[in-house]
Amino acid sequence: MDSTMGDDDSYSKSVGRWSVFYYGSGHMLNDITSACWFTYLLLFLMDIGLSPRDAAVVMLSGQVADGLATIFAGELIDRFGHFKVWHLAGSILVAISFSSVFGGCIPCNIFGSHSLTMETIGYSVFAAIFNVGWAATQVSHMSMINCITLDSTSRVVLASCRNAFTMVANLSLYAVAGIVFTTTSSNTHDDIENQYRWIAYLSIAVGCCFVGIFHLGTREPRLKANASAGNHARIPWDYWFKKVLYYQVALVYVLTRLVVNVSQAYLAFYVINDLRMSQSAKALVPAVIYVCSFFVSVVLQEIAWTGRRLKAYYSAGGILWVLCGAVIFLLPRNMSWFVYVLSIFIGVANALMMVTGVSMQSILVGEDLNGCAFVCGSLSFLDKISCGLTLYILQSYQTTSSKSEGDLATDVYASVSRFGLGLVPAFCSLVGVATTYSMNLHPQNLKSTMVPLLE
């Protein structure tokens, strides 16, 4: 370790509350647009006439672009640093491109063709551009955790606050969506595009406000600068590939993202098509999930963390999801109200798994700061590709006739929505718990504190 870092006790002290707040706010634009992406993109594309497979192609194009961009962003950040520059550049690209994902097919207007093929290509192009900016923001923001402090417990609180702001972002989206869906009509193709255009514009406005707060309140991390200025060269990729813990953390992180993202993508389909609930439910049910996740994330900030506790809390969240997934798959339509009860437990499980799953990356990185962005980028690459392929496969079996089918219970028990919201997250959670059990999460080099996270 560089002597500059070793001699400065400030790196091992607990991070102040305001510093944590400013850092956590930095991912709001990404989070609110991501929530809109996973919750409403497939629904929006199918509502305007695209087939389930074409909608999945648009989603997959964005996920692949995101995955590839995370690798390049991680490599460049490790080489040149400047987290905030990458964050700002990515945020600008997200703000500019996201409105075009939900704001109508711009290439269709340019070429004067509104065929389904042209619409699929047009939406895919802007989905890819949006996800390139999203990746730059995500990798720079996530890898900053390891360079703000060496204190392992403070790293967890930064991840926890980041997750709490994710919940705030999701709640903001569903509040906006709830207002738009209840105050505007959706009778025509143009009406539907107008609804989602307003949701996109308002989401961008909210997210950009928090990007400004982040850049005004957060300084460029000095640990990265010190590590780059010292005698340590950039850590090669194969250094990580020789670590068993890298593969374990990668698997847990990917499975956790699959649980959250796939369930989020099929939640709206489940409540509308399978349970036949009102249109407002596709905003209200997710809101319950994220309210619960927010409060759990706040509580997690006050816990003194060790490797054993990370494993225990992750396992608790995973087991909760296994139980919820089984109930979701078997829930009959005449008990649709019970989905609100399930939402509470899903919210708790999501927070437990996300906070601890992300924090395991900090245990892996330790003080190897010249490779932290690659770790975040490579794990995000695996996350995006696996999520895109999973959604594509599920959508390949999706039908457009579910809304007009009868009310027989046998019509819904084997639906794609029940697999996507119930069985896939449950299976991923079970494998994640088993993998976590085999981990050795005892940071040997990090300075840790056995006091509450914030002082």
Side-chain angles (χ1 to χ4, degrees), residues 33-69 93-135 177 180-181 184-204 261-262 264-266 268-269 272-273 279 282 384-385 387-405 415-417 420:
T33 53
S34 175
C36 193
W37 170 269
F38 283 108
T39 305
Y40 296 127
L41 180 66
L42 294 176
L43 197 63
F44 163 68
L45 295 174
M46 291 173 64
D47 281 347
I48 63 173
L50 267 65
S51 68
R53 186 179 292 272
D54 288 340
V57 168
V58 176
M59 172 74 78
L60 182 60
S61 68
Q63 293 299 111
V64 170
D66 193 345
L68 294 175
L93 190 57
V94 166
I96 293 174
S97 61
F98 186 67
S99 59
S100 299
V101 176
F102 286 93
C105 179
I106 293 179
C108 296
N109 296 329
I110 294 175
F111 293 102
S113 172
H114 285 272
S115 65
L116 292 180
T117 300
M118 180 57 70
E119 286 194 336
T120 302
I121 295 173
Y123 283 113
S124 296
V125 168
F126 278 95
I129 294 173
F130 158 67
N131 276 279
V132 169
W134 201 96
V180 171
F181 288 139
T184 60
S185 61
S186 57
N187 299 324
T188 66
H189 182 285
D190 290 339
D191 288 340
I192 294 173
E193 284 192 348
N194 189 54
Q195 281 185 328
Y196 286 98
R197 186 180 296 115
W198 272 109
I199 292 173
Y201 289 159
L202 293 173
S203 298
I204 292 169
N261 292 339
V262 175
Q264 188 173 19
Y266 283 99
F269 288 105
I272 298 300
N273 296 346
Q279 289 293 318
K282 64 185 179 183
K384 306 307 177 186
I385 299 301
C387 185
L389 290 175
T390 301
L391 290 173
Y392 181 81
I393 293 171
L394 287 171
Q395 279 299 105
S396 297
Y397 295 95
Q398 182 76 286
T399 64
T400 57
S401 59
S402 59
K403 291 183 180 180
S404 60
E405 291 175 351
S415 70
V416 172
S417 301

**Message:** I need the L45 CG to Q395 CD distance, nearest 0.5 Å.
**Reply:** 9.5 Å
**Asked** If you take all heavy atoms of P52 and M46, which pair is closest and at what distance?
**Response** CG-CE, 3.8 Å
**Donor-acceptor contact present, side-chain Q264 to main-chain T39, <3.5 Å** = no
**Asked** With a 4.5 Å limit on heavy-atom distance, are the side chains of I199 and F102 in contact?
**Response** no
**Prompt:** Parallel, tilted or perpendicular: which fits the ring planes of F44 and Y123, with parallel below 30° and perpendicular above 60°?
**Reply:** perpendicular
**Prompt:** To the nearest 0.5 Å, what is the distance between CG (N131) and CE (M59)?
**Reply:** 9.0 Å
**Prompt:** Between T184 and V180, which heavy-atom pair has the shortest distance, and what is it?
**Reply:** OG1-O, 2.5 Å
**Request:** Show your working on side chain to side chain contact (heavy atoms under 4.5 Å, CB included) between D47 and Y196 and close with a plain yes or no.
**Result:** CA-CA 11 Å; D47 281 347; Y196 286 98; 4.1 Å; yes
**Message:** If we check ring-ring contact (aromatic ring centres under 6.0 Å, His included) with F98, which of these qualifies: F126, W37, Y201, F130?
**Reply:** F130
**Request:** Starting at CD1 of I48, measure out to CG of L43 and round the result to the nearest 0.5 Å.
**Result:** 11.0 Å
**Message:** With heavy-atom distances below 4.5 Å as the criterion, would you say the side chains of L93 and I129 are in contact?
**Reply:** yes
**Asked** CG/L41 to OG1/T33 distance, rounded to the nearest 0.5 angstrom?
**Response** 12.0 Å
**Item:** Over all atoms of both residues, closest heavy-atom pair of T120 and V58
**Value:** O-CG2, 3.8 Å
**Prompt:** Between atom CZ of R53 and atom OH of Y397, what is the distance when rounded to the nearest 0.5 Å?
**Reply:** 9.0 Å
**Prompt:** Would you call the rings of Y266 and F269 parallel, tilted or perpendicular if under 30° counts as parallel and over 60° as perpendicular?
**Reply:** tilted
**Message:** Restricting to non-hydrogen atoms, name the atom on A200 and the atom on S99 that form the minimum distance, rounded to 0.1 Å.
**Reply:** CB-CA, 4.3 Å
**Message:** Within the structure provided, determine whether S51 and L116 are in side-chain contact (heavy-atom separation under 4.5 Å).
**Reply:** no
**Request:** Could you tell me how the ring of F181 sits relative to the ring of Y40: parallel (under 30°), tilted (30 to 60°) or perpendicular (over 60°)?
**Result:** perpendicular
**Prompt:** Does some side-chain heavy atom of N261 sit less than 4.5 Å from a side-chain heavy atom of T390?
**Reply:** no
**Fill in**
Here the gap from S61 atom OG to I121 atom CD1, rounded to the nearest 0.5 Å, amounts to 11.0 Å
**Message:** Set out, in order, the CA-CA distance, both residues' side-chain angles and the distance that settles side chain to side chain contact (heavy atoms under 4.5 Å, CB included) for V64 and I385, then state yes or no.
**Reply:** CA-CA 6 Å; V64 170; I385 299 301; 4.1 Å; yes
